[in-house]
Amino acid sequence: METCTVCGKELHDLKIVIRLQYQVHRKTAADTWEPVENTSLSSTEIMCKDCFDKFVDTLDESLSNRTEHNV
Amino acid sequence: MFKFANMVVVKLTHDCNFRCKYCYIKNKDDFKGEMMSFAVFKKFIDRLVYDKSHVFKDERKTKVSIVFHGGEPLLAGYTRLSKMLEYAKRQLTAHDIPFDFGLQTNLSLITDELLLLMHNYNVYIGASFDGINKGNIARSKISEDYFIQQIKKAQKYNVEIGVLIVVSKYNIDTVLQTKKFLEERVGINGVKINYVEDVNQAGQSDFEVTGDEYFSKVVHPLLEEVFEKGFEVEDNISLMLKRYFTYILADKHGNRYYNCSGKICGAGLHVVNLSPDGNIYLCGRYSEDYEEAKIMSINDSNPFSAKQIKKYIDFAYKKHEILKEECDMCFAQPICDFGCMAFHFSKYHKWGIRKELVCPIYKNTFKWLVENEIKIIDSFKKIYEVPFKIDTAYPVYSIKDSTFLRKIHQLLSLTVELKDNKQFIFKKAN
């Protein structure tokens, strides 16, 4: 039985697959953007509905200032 | 935590039965009797299996090398080591995770029983030996005869073995003689040469060699051997050659993954260090378990690998500042290893690179390669016969339309093509 990768609970009716892709670039002394080797990375979690809700709440809470700024 | 790892250095203990003069592990007397428990090791394997099993199809699933390290890892003894090897092999095989084992040792504690174990689990042994004719005096009091006797014993059990020579003032004049001796008289193929970085003393220590000295007495003579021996001359020389030819032949290359070397090394992602207490560090080269190098505990959660990647980015940012100041405009970048931040941190307790060591080695090598590039390719024709190939060391998407290509075409009647983004094939023109 597949389980939620965050809380370990068995997944029955719904699973939410979220993948974060990381890529880091650095500005060189020549004023150009250069990708940092080693950093084309992705990491995935498969969440139950409860963990997903918590995940969204956490994002919303911690990044809300940024959203207001962008608006 | 181990999702991106292709090497995990398992530091079974900081303790060692030797007290070599320049060993980078500090305060060994404080660690007498320290040993990683089987419970910590089991937790590590379980976590490794979980992380590698949850790698999705377009993420990387590379072979992971589990390298037993120390201190002296053979202090663990036969029973503990065999239990660890068996558990790791059983779990990794059951979950279809590609792996291999390595062990870095001074060879003094090796027994027939342990060698049979190494043979049965296909463990690659890296042995440390600095030289014949008293060249090993800084490393330990182990005699040349005893070392060779131990190597022969390992060979009897068909255990694959490579030797690491660390160059200091004590052996710089005999290192090439030692290399030749190990290859020709003892039958060792994998001899790797590094320069010493003494972390016990800030500044140039009594027995560290300078970058210029290392180039003139070690690198330059080895480069001269390239004309006869090709890439097989020595691991670090081979890597520099591959990087150089990739640079002059390739138009573009993809994202490269490094353990050591690279502008910003892969410490904390592709290589990590597990300490006896179950804490995970950026790599195994730190002389103490510094908080600055700690990633997390084996028991910590790590959703989206975010904590680990944040630690890597913090580390990368430190290196970025150094690169901007020292390296970004340097001509030797295509072949450089950009210095080791772990050794520098261990020596000075701040982030940096030993540019007085690194720069003369790579700048002089780069100049030599520029002067000799055509001669090298010409000599490779004789060593490897045409067509011969050069492994590019990283993915490459296209060949450059370059002066160099036109030169080898005109002078040597060779054409170059790219195969599978992995190697250059040199063929006779027409």
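FYI, side chains are in, hydrogens and waters are out, and symmetry mates aren't considered; it's all heavy atoms of this structure. Below, read A as the first sequence line, B as the second, and so on, with proteins coming before strands; counting in each chain starts at 1.
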- Item | B:E325 atom CD, neighbour heavy-atom count above 12 within 6.0 Å | no
So, are [X] and [Y] salt-bridged, with charged N and O less than 4.0 Å apart?
{"X": "B:D391", "Y": "B:K422", "value": "no"}
{"X": "B:R354", "Y": "B:E197", "value": "yes"}
{"X": "A:K49", "Y": "A:D53", "value": "yes"}
{"X": "B:K52", "Y": "B:D96", "value": "no"}

- Report yes if the distance between the aromatic ring centroids of B:Y362 and B:F338 is under 6.0 Å, otherwise no.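 Ring centres of B:F338 and B:Y362 not closer than 6.0 Å.
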Can you tell which part of [X] gets under 4.5 Å to a heavy atom of chain A, answering side chain, backbone, both or neither?
{"X": "B:N259", "value": "neither"}
{"X": "B:I264", "value": "both"}
{"X": "B:S305", "value": "both"}
{"X": "B:Y312", "value": "side chain"}

- Using the ring of B:Y247 (Phe, Tyr or Trp, six-membered ring only), decide whether B:K400 places NZ or CZ under 6.0 Å from its centre and within 45 degrees of its axis. yes
- Within residues 22-32 of chain A, contacts to chain B at heavy-atom distances under 4.5 Å involve A:Y22, A:V24, A:R26, A:K27, A:T28, A:A29, A:A30
- A:I46 versus chain B, the contacting section by heavy-atom distance below 4.5 Å: side chain
